[in-house]
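Sequential numbering from 1 along the given sequence is applied to the chain's residues.
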Amino acid sequence: MKTLKVLFFTLVAATLWSACKKDNSNTAPTTVRMTDAPGNYQQVNVDVIGVEFTMSSNAVVNLNVKPGIYDLIKLTNGVDVIIATADLPAGKLSQVRLILGTNNTLKVDNVVYPLTTPSAMQSGLKINVKADLVAGVAYELLLDFDANESIVVSGAGDYKLKPVLRSVETATSGSISGSIATSAALPASVKAFDGVNTYSTSTDVNGNFLLRGVSAGTYTVIVTPSSIFTAKTYSNVVVTVGNIKPLGSIVF
């Protein structure tokens with residue numbers, strides 16, 4: 001997908017491999033989980049109505065979805081929720097499609113606003129994933145919403161959801177963690193970038209944050225408080241595969 005950089009929403013799909021062997025069936029038990037890197041909102045409610053997998057053979061599989069309205073703000077700092085399951089046919093997985101309904105809302109300053117989506121999203125949020133599903137091995141797919149980049153305010157004051165879809169393999173990624181020790185600086189936003197990739201999140205109510213699915217590399221991390229404190233910048237933050245890079249306790 002060559003147009004990803006011009007959009008405003010980040011969705012990470014990370015395939016997580018499990019060593020849990022099943023019997024000699026021809027299917028691969030698969031679970032889809034959803035988590036969030038939240039923005040500075042009271043609620044970001046997403047109406048999930050479907051999850052669809054496309055195999056490289058062009059076969060389409062509709063998963064057993066758990067439909068409902070999920071508040072992404074509750075899915076922070078490593079917390080996730082199962083939204084779909086299926087026994088998929090063994091073979092190559094090429095694409096995932098997350099289908100949203102129309103009951104998407106945003107809560108700001110105790111006021112709930114409708115969260116509209118572009119017409120192009122009506123067929124679902126498409127994520128290209130290249131994974132080989134082996135019969136008898138259990139798999140997980142993690143969908144990570146970045147609400148900091150997802151919400152766009154129009155000139156008329158309406159809120160819109162404009163997604164960018166990004167696929168990150170856990171085999172090539174790590175994480176960045178930390179906590180804000182100065183309570184008056186909360187909530188704070190966190191952004192990591194290396195000149196090519198950008199990842200962002202916000203602290204939870206206790207000041208903790210976790211950037212997941214960060215490609216291995218060296219990053220500049222900027223922590224910006226919501227109050228009058230000056231943002232802190234961390235240079236040369238090295239992220240390695242399969243590890244969490246701690247920034248420790250941050251005092252403003």
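Within the 4.5 Å cutoff, no side-chain heavy atoms of Pro187 are placed close to those of Ser202. In this structure the side chain of Ile99 never reaches within 4.5 angstrom of the side chain of Val51, judged on heavy atoms. At least one side-chain heavy atom of Tyr199 sits less than 4.5 Å from a side-chain heavy atom of Tyr219. The shortest distance between side-chain heavy atoms of Val237 and Thr218 does not fall below 4.5 Å. Put simply, the side chain of Asn45 does not reach to within 4.5 Å of the side chain of Tyr70, judged on heavy atoms. Between Leu98 and Ile83, some side-chain heavy-atom pair lies under the 4.5 Å cut-off. A heavy-atom distance below 4.5 Å is not found between the side chains of Phe53 and Asn62. Contact of the Val48 side chain with the Leu100 side chain is registered, since non-hydrogen atoms from C-beta on lie closer than 4.5 Å.
A donor-acceptor contact shorter than 3.5 Å is absent between the side chain of Thr201 and the backbone of Leu211. Of the possible donor and acceptor atoms, one in the side chain of Asp194 sits under 3.5 Å from a partner among the backbone N and O of Val196. At distances below 3.5 Å, not a single donor-acceptor pair connects side-chain atoms of Glu52 with backbone N or O atoms of Leu63. Asp204 places a side-chain N or O within donor-acceptor distance of the main-chain N or O of Asn206, the cut-off being under 3.5 Å.
Rounded to the nearest 0.5 Å, atoms CD1 (Ile176) and CG (Leu247) are 6.5 Å apart. Between the CG atom of Asn104 and the CG atom of Asp47 there is a distance of 5.5 Å, given to the nearest 0.5 Å. We find the OG-CG distance between Ser56 and Leu93 to be 8.5 Å, quoted to the nearest 0.5 Å.
For Lys232 and Phe252, the positive end sits near the middle of the six-membered ring, less than 6.0 Å away and at most 45° from its axis.
At a cut-off of 3.5 Å, with distance as the only test, a side-chain donor of Asn128 or Gln95 sits close to an acceptor on the other residue. Checked by atom type, the side-chain pair Thr105/Tyr159 shows no donor-acceptor distance below 3.5 Å.
Hydrophobic cluster membership of Phe193, counting Ile, Leu, Val, Met, Phe, Trp and Tyr whose side-chain heavy atoms lie under 4.5 Å apart directly or via other members: Ile222. The hydrophobic cluster around Val60 extends to none of the other residues, as no ILVMFWY side-chain heavy atom falls under 4.5 Å of it.
Every residue meeting the salt bridge (Lys or Arg N to Asp or Glu O under 4.0 Å) condition with Lys92, not counting sequence neighbours, appears here in chain and number order: Asp132.
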Exercise for review: Verify side chain to side chain contact (heavy atoms under 4.5 Å, CB included) between Thr198 and Lys191, making sure each step is shown before the conclusion.
Suggested key: CA-CA 7 Å; Thr198 299; Lys191 181 171 290 187; 3.8 Å; yes
Practice item. Might you work through the side chain to side chain contact (heavy atoms under 4.5 Å, CB included) test for Ser175 and Val214, ending with a clear yes or no? Key: CA-CA 6 Å; Ser175 302; Val214 179; 5.7 Å; no
Point to revise | Worked verdict on Ile82 versus Lys66 for side chain to side chain contact (heavy atoms under 4.5 Å, CB included) | key: CA-CA 8 Å; Ile82 295 175; Lys66 296 183 177 180; 4.2 Å; yes
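Minimum heavy-atom separation, Pro246 to Ile244: CD-O, 3.2 Å. Between Pro225 and Ala231, the shortest heavy-atom distance links the atoms CD-CA, 3.9 Å. Residues Ala192 and Val221 approach most closely at CB-CG2, 3.9 Å, considering heavy atoms. Annotation for Phe209 and Ser179: closest pair CE2-N, 3.8 Å, computed over non-hydrogen atoms. For the residue pair Ala84 and Val65, the shortest heavy atom distance occurs at CB-CA, 3.9 Å. Minimum interatomic distance between Val44 and Asp71 (heavy atoms only, all atoms of both residues): N-OD1, 3.2 Å.
Two different hydrophobic clusters hold Val251 and Val223 under the rule that ILVMFWY side chains link at heavy-atom gaps under 4.5 Å. Val111 and Leu115 end up in the same hydrophobic cluster when Ile, Leu, Val, Met, Phe, Trp and Tyr side chains are linked at under 4.5 Å.
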